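What follows is a single structure, written as structure tokens, with notes after it.
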Amino acid sequence: MASLHPSAPAPFVSVPSATPPLDRCAYPILERRMGPVGEHPLVYLDSAATALVSRSVTDAYADFLHTSCANIHRGAHRLAEEATDAFECAREHVARFFGVGDAARVVLTHGATESLNLAARGWAEGHLRRGDVIAVAEDGHHSNLVPWLSAAERAGAEVAWIPLGADGVLDYGVWSSIAERRPRLVALSSQSNVLGFRQPALDRIMHDARAAGAAVVLDGAQSAACDPVAFDRCDADFYVCSAHKMGGPTGVGALLCSPRVFDEMEPMFLGGGMAAAVGRDGWRPLAGTAALEAGTPPIAAAVAWSVALDALEEAGIERIAAHIGRLAQRARRGLAALPGVSVLGGGAPEPFRALVSFTVKGMHPHDAGQVLDAAGIMVRAGHHCAKPVHAALGVRASVRASFAGYSTEDEVDVLVEALARAIDEGRTNEKGGRP
């Protein structure tokens, strides 16, 4: 596809596109046509918010409900046993996928946000004391900030921020000063949902935090589908993820726990399925994950998530990572070449892995999002539940394009060309060339 701007880099010369690792034919939604008369193919570039779901995943969801629909751990009939087996097999699959040696330390939740709240209420609430320090990284999603800000307020603990520089890189020097104070807990992200790259000092910070005796929380929501952690070999005590960012359904996720924190977890949700005994003289919880999974869990969603994990494994995680990394770099270069476009974190030394956020001078992100939507291009516009990141970079909001294993180079090109046209039209109108 020829560029509208002669200064645009070489990637936009028409060349054969690389085949995506995930078969696009498996995703029925990609057959949709957009625009008033269906003149545009759907270009879905919002996978960081929610990844598309394949037919095999929805089939697995429906098949469970149509053949083995029953509650788990509570019935002796055949359907209940089938449902229990399917749910526990999904838990074991999640454990294997993330390198957890004992599936009993995988708590299935309704998503990453619930997982983080469970860690905050089920562990931190019982371990934080007045005067303790909680360190939070400024590149975090609200879901990995608000629970810790709230926990600190309840306990009378202090929040120490690990700040971002102008390039979006965490300040390791400031972190080193915080580490000397032996924080009780450190909350980090495996990849920012705004910046799109792995922090250069992430592993060092995690190692320092563990050495200082802190519990380490790692939000893996943005990288779980392309860079899953080998949990038992890393320095994290808690790791969270959501199935819907991995090609699975909404409403299910996981909290992975290290042995040292899992044995100290207290139930956050109370009621059905988590109590071992209840009577007039009180109650006591069951042991293990059963104590932390009160009520009916997302059984069908967990079963379908396992099928989504199959697809990622069959396509090859490394292949997916390489593919979406190329797309992110392509988008970064193409967008940065457009007049008035600033790529957030564009000065960072790390490569962009799965997404690119940007601003357009003179164009509100919501307006840019609407312009792209009119061309059939689905992107995110706003603060992306990450206001501190934007504040640190001196902007209120941004446009975000994000990629998955089914995304293509052509879709990146369509994004850049559509934005280029919008910028050209805006500049022409400013000069009075059009009414």
Side-chain angles (χ1 to χ4, degrees), residues 1 11 14-34 38 40-66 86 89-90 93-94 96-98 191 196 221-228 241-252 300-331 352-356 375-380 401-416:
M1 181 180 294
S14 181
V15 295
S17 297
T19 302
L22 296 175
D23 183 5
R24 289 173 62 85
C25 294
Y27 299 86
I29 196 170
L30 292 176
E31 299 172 6
R32 283 198 62 178
R33 305 287 298 184
M34 311 304 290
H40 302 297
L42 170 63
V43 176
Y44 187 79
L45 301 180
D46 197 19
S47 294
T50 293
L52 299 181
V53 178
S54 69
R55 193 180 301 277
S56 62
V57 170
T58 55
D59 285 349
Y61 194 103
D63 185 62
F64 172 82
L65 295 177
H66 294 165
C89 283
H93 195 172
V94 172
R96 291 194 306 274
F97 188 87
F98 290 108
Q191 179 182 293
Q222 286 302 320
S223 63
C226 60
D227 186 22
C241 61
S242 290
H244 74 94
K245 296 181 188 294
M246 305 177 70
T250 55
V252 65
V303 172
W305 185 13
S306 183
V307 174
L309 296 181
D310 282 334
L312 295 178
E313 291 168 331
E314 290 170 7
I317 299 299
E318 292 183 357
R319 184 177 170 220
I320 292 172
H323 177 75
I324 63 176
R326 286 193 296 269
L327 298 185
Q329 292 297 94
R330 186 183 186 92
F352 283 24
R353 293 185 172 218
L355 62 90
V356 178
I377 305 166
M378 311 293 110
V379 295
R380 202 73 160 184
S402 53
F403 315 102
Y406 43 71
S407 303
T408 69
E409 294 173 357
D410 288 343
E411 290 179 319
V412 174
D413 297 356
V414 168
L415 164 70
V416 175

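What you see is a predicted model, and the numbers here were worked out from it, not measured in a lab.
Going from atom OG of Ser402 over to atom CG of Leu327 covers 11.0 Å, rounded to the nearest 0.5 Å. Put simply, OH on Tyr406 and CG on Leu52 are 3.5 Å apart, with the number rounded to the nearest 0.5 Å. Rounding to the nearest 0.5 Å places CG of Asp23 at 11.5 Å from CZ of Arg55. Here Arg353 contributes atom CZ and Gln222 contributes atom CD; the two are 13.0 Å apart, rounded to the nearest 0.5 Å. To the nearest 0.5 angstrom, Phe98 atom CZ is 7.0 Å from Leu309 atom CG.
Here side-chain hydrogen bond (donor to acceptor under 3.5 Å, both in side chains) pairs that include residues 25-34, with residues two or more places apart or in two chains, number zero.
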Checking side chain to side chain contact (heavy atoms under 4.5 Å, CB included) for the pair Cys241/Trp305: CA distance, chi angles, key distance, verdict? CA-CA 12 Å; Cys241 61; Trp305 185 13; 3.9 Å; yes

Derivation of the side chain to side chain contact (heavy atoms under 4.5 Å, CB included) call for Arg380 and Leu355: CA-CA 11 Å; Arg380 202 73 160 184; Leu355 62 90; over 6 Å; no

Please step through side chain to side chain contact (heavy atoms under 4.5 Å, CB included) for the pair Asp413 and Arg330, ending with a clear verdict. CA-CA 9 Å; Asp413 297 356; Arg330 186 183 186 92; 2.9 Å; yes

Under the side chain to side chain contact (heavy atoms under 4.5 Å, CB included) criterion, do Asp227 and Gln191 qualify, and how do the steps go? CA-CA 9 Å; Asp227 186 22; Gln191 179 182 293; over 6 Å; no

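Panel note: side chain His323, backbone Thr408; no donor-acceptor pair is recorded below 3.5 Å. Checking side-chain atoms of Lys245 against main-chain N and O of Ala51 turns up no donor-acceptor pair under 3.5 Å.
Considering all non-hydrogen atoms of both residues, Gly405 and Ile324 come closest at N-CG2, 3.9 Å. The two atoms that bring Cys226 and Ala321 nearest to each other are O-CB, 3.4 Å, heavy atoms only. Across all their heavy atoms, Leu22 and Leu312 have their closest contact at CD1-CD2, 4.4 Å. In this structure, Leu45 and Glu411 approach most closely via the heavy-atom pair CD1-O, 4.1 Å. When all heavy atoms of Ser306 and His93 are compared, the closest pair comes out as OG-ND1, 2.7 Å. The shortest non-hydrogen separation linking Ala225 to Met246 is CB-CA, 4.0 Å.
A heavy-atom distance below 4.5 Å is not found between the side chains of Met378 and Val43. A 4.5 Å side-chain heavy-atom check between Tyr44 and Ile29 finds every atom pair outside the cut-off. Pro249 places a side-chain heavy atom less than 4.5 Å from the side chain of Val57.
A salt bridge does not link Glu313 to Arg96: none of the charged nitrogens lies less than 4.0 Å from a carboxylate oxygen.
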